[in-house]
Amino acid sequence: MERNKILILLAAFIMALYGCKNDDDTPSPAPVQTAEETTVNVDVILPKSIQAAWANSIDWAMENITGAQRNLDRKVVLNLRYHDEDTEDIDKLAYALTHPEEGDDTCHAIIGPYHSSNAKTILRYADRNRLPVIMPTCTGAELQRTNSKSTFAWFLTESDVTQCEMMVSVSASTDHKKIALVYSDDEYGQSFRDWFGYYAAEHQLKLCGDGMLAYKKSTDISSFLNSIKADYENSGEDMMICLALSDGGYYEDFTDKLKNWNHEYNGDYEYWMYYEIMGSDVAFDDDVIGNDNVHLSHGITPYGSPTFGFPQMYESKFGSMPKIGYAQIYDALELIALGALHQIVNGETCLVNGVQVSYNEKPFGPGLTDHIRSVVSSPNGSETTGCTLDGLTYAFSEILEGRDIDLIGATGDLKFDSETSTKILNTTYLFWDYAYDDNNNRICRPMAYLSTTGSFGQASTSLVWEMDKRWNQQIDDISVNHALPALTDRWAVVISPSTTWANYRHQADAFAMYQTLRSHGYDDDHIVLIVEDNLADDSHNIYPGEIFVERNDNGSTSNLFANDNVRLDAVVDYHFSDLTQDDIADIMLGRKSDRLPHVISPTSGSDVVFFWSGHGGSQDGPLWGNEDARQYFGSQRIRNIVKEMDDNDMYRRILFAVETCYSGKWGEALDGLSDVLVLTAATPAETSKADMYDSKLGVYLSNAFARTFRRQINQSPDITVYNLYRELFKTTKGSHVSLYNQQNYGSVYSETMKEFLE
């Protein structure tokens with residue numbers, strides 16, 4: 001597997017921060033300047049424990065930055081101002097740094113915070129004047145994704161999506177056939193939960209036992225471990241348990257529970273080894289590695305680049321291996337200093353990827369963040385290694401002379417995304433296990449250096465939702481002779497069980513599907529639309545009365561419903577919160593009542609479309625309500641409804657299009673029913689990802705599954721089922737669109753969507 005091959009990779013990572021800008025039309029002031037020196041105020045927001053752990057890297061970087069400018073006529077001096085992330089009021093601090101009062105020293109750049117949850121607050125305020133925020137370790141996938149177009153939000157480590165891929169791919173490459181995940185039930189664990197099933201499918205690994213477990217210290221793991229043990233006894237296949245826990249103490253706590261559980265079976269857990277356990281980056285800590293009470297086989301962590309020597313130089317200088325963030329903080333300081341000098345030399349002239357920087361909103365001109373972007377977006381510049389004094393000296397000299405550089409940092413070759421040049425594209429990961437030193441102390445032993453590309457300087461899966469999937473279903477051409485009756489009419493049920501603003505996309509996609517069906521011959525008498533219908537007048541809605549699934553400020557209308565109000569003239573039959581789960585059965589089975597005056601009334605000649613867009617859970621698929629409801633509609637319930645319709649000759653054919661996490665659970669549940677076809681946005685083990693984010697509304701507007709479904713049937717109503725599946729599969733990022741029960745439906749290569757559309 002080329003993506004997983006071991007390499008001696010990457011080299012250096014530099015990031016820098018940026019001068020605040022005022023709200024008027026003029027660019028914000030450059031850092032305070034004397035005849036020879038420019039002082040750059042850098043506010044470092046980290047927990048005190050991390051400040052102490054990173055002190056060697058910080059001091060080393062500051063020493064090299066000073067030494068590299070010793071003979072220069074113009075110099076940059078970084079003035080570091082520390083803030084304790086654990087005790088500061090982050091909201092108040094972020095406001096103060098981005099709204100300096102008269103007499104305050106201006107903040108020119110921020111390094112930190114350490115935690116992705118705090119970064120949301122910092123970035124919200126920094127957006128005001130594009131104050132550069134350089135984040136060494138903020139790896140939350142959703143944080144990086146929602147800030148993917150921000151020119152001031154700097155991410156120096158790929159998201160945890162990539163770390164999740166590394167854990168799964170290493171499991172596959174070490175010949176494990178099955179895999180399971182224990183993730184902390186918090187923001188850290190979310191990225192691993194969301195992507196674990198996806199990568200398991202990519203590497204064709206099966207989830208063992210219950211598959212995934214959300215973990216807290218109060219969590220009883222015995223049922224989860226029992227399911228894994230039973231799976232092994234049935235299959236005999238070795239398994240890897242991946243631990244993605246946000247706190248080092250969780251690892252010891254998990255081991256204690258593992259020992260107690262194993263004691264019930266054979267006393268000594270060390271000999272019960274049909275599984276191995278791999279830890280995520282949090283386990284790469286002295287308190288975990290040196291703790292004999294923690295049971296791990298391996299670990300994966302972001303690391304500095306061995307190709308360009310940072311780990312070796314650090315260990316030689318300080319006598320210990322660098323840990324998480326050591327290389328990234330070094331690069332952050334380098335980038336700030338180099339960017340500040342670039343701003344002094346070039347002023348308002350600032351080219352990023354060859355284009356002069358300008359903005360359509362205040363502040364209009366380039367600031368420090370843009371000059372840092374200019375430094376790292378010059379691939380034709382002279383290559384220099386910033387993690388050495390000589391290399392950094394050369395870098396400063398070249399910038400002072402007005403020449404470009406191609407910077408290599410402590411983390412490797414500093415290649416950033418092409419759109420904003422602020423998201424690192426390639427991170428080195430260390431695969432390690434345990435060893436013992438001469439004093440019988442447990443230590444980390446490097447096993448291999450990995451990256452998603454197999455070489456430095458190439459685009460990686462930091463933007464994984466743009467990648468091409470490698471695995472897809474193999475679908476046989478099946479001919480089913482069911483002697484179907486003549487088509488008499490068509491009916492549709494469109495449901496979104498979500499009610500909150502944050503879940504905007506679910507109702508929006510339901511309204512858009514309603515509009516699509518109307519455009520293809522369905523009248524309101526033949527559609528039952530079930531949505532909460534509370535978005536158009538929500539207080540968060542800056543477009544009162546309107547709902548969008550795609551919004552282009554440039555006026556482009558190349559896609560179906562681009563800039564269209566999908567709420568316009570829609571007839572909502574029921575508010576979701578007014579219904580029960582049993583009501584859905586009555587609506588599908590045509591049982592009218594005073595409470596339910598509008599139901600579908602299909603016969604043996606009717607084709608039926610059933611569209612559902614909402615959240616789902618790993619146990620039983622689509623949820624009845626928002627993500628915090630944790631109440632399942634029920635796979636058996638939906639099967640019972642369709643089975644009763646079949647028994648009563650209430651359909652000719654049914655098409656299910658289900659857009660939820662773990663929606664494949666319904667595909668499995670409906671298997672075996674005649675003339676039922678199920679398209680799901682995800683497999684039974686995967687989450688489904690939203691992908692159309694609107695920064696002004698602050699929410700996702702749509703999902704690629706629903707959007708592609710609408711586009712394809714609008715452009716080609718006679719598209720074959722197989723071609724529709726292929727388009728859905730190719731364009732839905734982050735999950736594997738799946739097709740179910742085609743063996744009981746007919747040839748997906750010849751059957752078309754005209755069955756359900758006029």
Gap separating the [atom1] atom of [X] from the [atom2] atom of [Y], nearest 0.5 angstrom:
X: Leu181; Y: Leu213; atom1: CG; atom2: CG; answer: 8.5 Å
X: Arg70; Y: Leu389; atom1: CZ; atom2: CG; answer: 7.0 Å
X: Asp43; Y: Asn79; atom1: CG; atom2: CG; answer: 8.5 Å
X: Lys423; Y: Lys149; atom1: NZ; atom2: NZ; answer: 9.5 Å
X: Met313; Y: Thr388; atom1: CE; atom2: OG1; answer: 6.5 Å
X: Tyr251; Y: Ile277; atom1: OH; atom2: CD1; answer: 10.5 Å

Where is the tightest heavy-atom contact between [X] and [Y], given as atom of each residue plus distance?
X: Met240; Y: Ser171; result: CG-OG, 3.3 Å
X: Asp160; Y: Ser191; result: CB-CB, 3.7 Å
X: Met167; Y: Cys242; result: CE-CB, 3.6 Å
X: Ser57; Y: Ile329; result: CB-CG2, 3.6 Å
X: Ser117; Y: Glu187; result: CB-OE1, 3.2 Å
X: Gly391; Y: Thr384; result: O-OG1, 2.6 Å

Under 3.5 Å: donor-acceptor pair, side chain of [X], backbone of [Y]:
X: Gln51; Y: Leu46; value: yes
X: Asp437; Y: Asn440; value: yes
X: Arg442; Y: Ile289; value: yes
X: Thr162; Y: Glu158; value: no
X: Gln69; Y: Thr66; value: no
X: Ser148; Y: Arg145; value: yes
X: Thr385; Y: Cys387; value: no
X: Asp84; Y: Asp86; value: yes
X: Asp247; Y: Gly249; value: yes
X: Lys48; Y: Thr87; value: no

Look at [X] together with [Y] and state whether they make a salt bridge at an N to O cut-off of under 4.0 Å.
X: Lys216; Y: Asp253; value: no
X: Glu142; Y: Lys120; value: no
X: Arg445; Y: Asp433; value: yes
X: Arg403; Y: Glu398; value: yes
X: Asp286; Y: Lys323; value: yes

Flag the pair [X] / [Y] as yes when at least one side-chain heavy-atom distance between them is below 4.5 Å, and no otherwise.
X: Ser116; Y: Tyr188; value: no
X: Gln163; Y: Tyr429; value: yes
X: Ile90; Y: Tyr125; value: no
X: Ser169; Y: Tyr199; value: no
X: His115; Y: Pro47; value: yes
X: Arg193; Y: Thr687; value: yes
X: Val170; Y: His298; value: no
X: Ser382; Y: Tyr394; value: yes

Taking atom NZ of Lys257 as the centre, does the number of heavy atoms from other residues, nucleotides or ligands within less than 6.0 Å exceed 12?
->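 Yes, because the 6.0 Å sphere around NZ of Lys257 holds more than 12 heavy atoms from other groups.
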
For [X] and [Y], which I'm curious about, is there any donor-acceptor pair between the side chains at under 3.5 Å?
X: Thr420; Y: Asp417; answer: yes
X: Tyr330; Y: Asn64; answer: yes
X: His176; Y: Thr174; answer: yes
X: Glu202; Y: His736; answer: yes
X: Asp186; Y: Ser184; answer: yes
X: Thr369; Y: Trp154; answer: yes
X: Thr157; Y: Gln328; answer: yes

Determine, using ring centers only, whether Tyr314 and Tyr326 are less than 6.0 Å apart.
->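 Yes.
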
Kindly determine whether Ile45 and Ile122 satisfy side-chain contact (heavy atoms from CB on, under 4.5 Å), including the steps that lead there.
-> CA-CA 10 Å; Ile45 306 172; Ile122 300 292; 3.8 Å; yes

Please report the C-alpha distance between Lys733 and Lys689 in whole Å, then the side-chain angles of each, then the deciding distance to 0.1 Å, and finally whether the side-chain contact (heavy atoms from CB on, under 4.5 Å) criterion is met.
-> CA-CA 7 Å; Lys733 308 300 182 183; Lys689 318 298 190 299; over 6 Å; no

Could you walk me through whether Leu205 and Phe196 pass the side-chain contact (heavy atoms from CB on, under 4.5 Å) test, one step at a time?
-> CA-CA 11 Å; Leu205 295 176; Phe196 193 76; over 6 Å; no

Geometric class of the Phe284/Trp432 ring pair [parallel <30°, tilted 30-60°, perpendicular >60°] |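 It falls in the tilted class, 30° to 60°.
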
Hey, can you tell me if Trp60 and Phe318 have their rings parallel, tilted or perpendicular (30° and 60° cut-offs)?
->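 If you compare the ring of Trp60 with that of Phe318, the planes turn out perpendicular.
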
Given Ile300 and Met278, is the side-chain contact (heavy atoms from CB on, under 4.5 Å) satisfied, shown in steps?
-> CA-CA 7 Å; Ile300 287 283; Met278 184 190 308; 3.7 Å; yes

